[in-house]
Amino acid sequence: MVAASPNPIHNEKIEAIELPIIDLSAERSQVRNLIVKACEDYGFFKVINHGVPQDIVAKLEEQSLSFFAKTMVEKQRAGPAIPFGYGCKTIGFTGDMGEVEYLLFDTNPISIAQRSKTISNEPTKFSSAVSGYIEAMKDLACEILDLIGEGLWVPDTSVFSRMIRDVENDSFFRLNHYPHHLKDCTNNINSSCSSKVGFGEHNDPQILTLLRSNDVGGLQISPKDGLWVPAPSDPTAFWVNVGDLLQVMTNGRFVSVRHRALNNSSNSKSRMSMAYFATPPLNACINALPEMVTPEKPPLYKPFTWGEYKNTLYSLRLGDIRLNHFRASTNDELAS
C-alpha cells in the first residue's frame, strides 16, 4: 500500500496479538535470547526497565508539545523539511502524504542547536532536551545491538553497535505529532474520516528504530500481508523494530517489520511519538555477516553502502519494498 491515500484499506484484518515484552533488567543471557527470538518472529518488541530516566523523556515531551501547539505560521518558520526541519502532511519527496506534522533532526548537537533557533523561543532549552534524549536513545540502541550480537553468537558482538557509535554515523531523530484535527499547510481542516493514515505503511531502512509515544494509540505492525496488529501505547516503554539493514546483515534471519500509524480523530488527545533511527555512516558497507551465510543459505542481498541505499530510498515511494532492488538473485525461492 502506498501512503498517498488518506484512508486505510477496508478489507484488511485487524487482530490483537500479544507482542513480545522484554525486561532489560532480567538475566543477560535470557534477555539476549528473547531479543533474538522477537527479531526472528516479529522484527518488533517492547522493552521495559530500560534505564532511560523519565525526566529526559518528560523534558522533550514538554518542549515538543509546546512547539506543536503553535500556529501554523509560527511552525512553518522551522521548515520546510528538506529533509530536516518542520513538515506538515508531506512525507519524503515522491508524493506520499499523511495526517501528521513533524520535526526531523540529524543527531549532531551543533546542528540541533542551530535549528532550535527557528523552533523555540527558548532554543537552548529545546536543543538541550532533544540532544539529551538522542544521547539516551543512542546508548539504549547500542545496548540492544550488543545483546543481539551476543544472542547471535558472532565473534565480534559489537559489530552492529560500532556503526552507531562511529562519529560519522548518519542516525536521525523524528518527532511526529498526530492532532485529531490537522490543518494542512493552507490552514484547511481535513476531518472527513474518523480513522485516517497518519504515517503510511513502510519498513524502516536503517538498522534499528526506538519509538516512544504518549498514551494515545495508533501504531500497528503487519507480521504478514493483510494482517495488522495494534501495538498498545505505553509511555514508560520503548518499541523496538528491526530495520532493512539489520535484515540484510542477518541474511534474512531477522525481519524488517512493516508498520504504520493511524490518526484516530475521535481521540480528544493528540498522539505524539519520538523515533530514533540508529543508522551507520554513509560509507559503511552493508552485507550479510559471515556467520549468517551457509552453503544452503547464500547471501540474499548484494553488498551496498548505506549511502547507496539512502539514495535509492529517496527515489521510491514510502510503501515500496526497497530491499527488492538489492537482492542477490531474482530467484523467488532464494528471496523467500
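In what follows, every heavy atom counts, from backbone to side chain, and hydrogens, waters and symmetry copies are set aside.
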Not counting sequence neighbours, which residues clear side-chain hydrogen bond (donor to acceptor under 3.5 Å, both in side chains) with Asp170? List them please.
-> Trp306, Lys310
Carboxylate-amine/guanidinium proximity below 4.0 Å for Arg271 and Asp215 | no
Let me see the working for Glu122 and Lys117 under salt bridge (Lys or Arg N to Asp or Glu O under 4.0 Å), right down to the final yes or no.
-> CA-CA 8 Å; Glu122 298 179 289; Lys117 295 176 183 178; over 6 Å; no
Steps toward side-chain contact (heavy atoms from CB on, under 4.5 Å) verdict (Thr71, Gln76) | CA-CA 9 Å; Thr71 66; Gln76 285 178 327; over 6 Å; no
Establish, from distance only, whether the side-chain atoms of Asp23 and Asn49 form a donor-acceptor pair under 3.5 Å.
-> yes
Got a list of side-chain donor-acceptor pairs under 3.5 Å for residues 273-282, not counting sequence neighbours?
residue	atom	partner	partner atom	Å
Thr279	OG1	Phe277	O	3.0

So, for Phe68 and Leu175, which heavy atoms are closest and what is the spacing to 0.1 Å?
-> CZ-O, 3.8 Å
Counting only N and O atoms by type, is there a donor-acceptor contact under 3.5 Å from the side chain of Asn251 to the main-chain atoms of Met292?
-> yes
Residue pairs meeting salt bridge (charged side-chain N to carboxylate O under 4.0 Å, His left out), one or both in residues 62-71, sequence neighbours left out, come to none
Are Asp146 and Arg165 ion-paired here, with the side-chain N under 4.0 Å from a carboxylate O?
-> yes
His50 and Phe238 aromatic centres sub-6.0 Å | yes
At their closest point, which heavy atom of Phe126 faces which heavy atom of Phe105, and how far apart are they?
-> CE2-CZ, 3.7 Å
Do Tyr309 and Phe304 have ring centres separated by under 6.0 Å?
-> yes
Once the angle between the rings of His202 and His259 is folded into 0 to 90°, is it parallel (under 30°), tilted (30 to 60°) or perpendicular (over 60°)?
-> tilted
Cation-pi check, Arg32 to Trp153: give yes when NZ or CZ is under 6.0 Å from the six-membered ring centre and within 45° of the ring axis, no otherwise.
-> yes
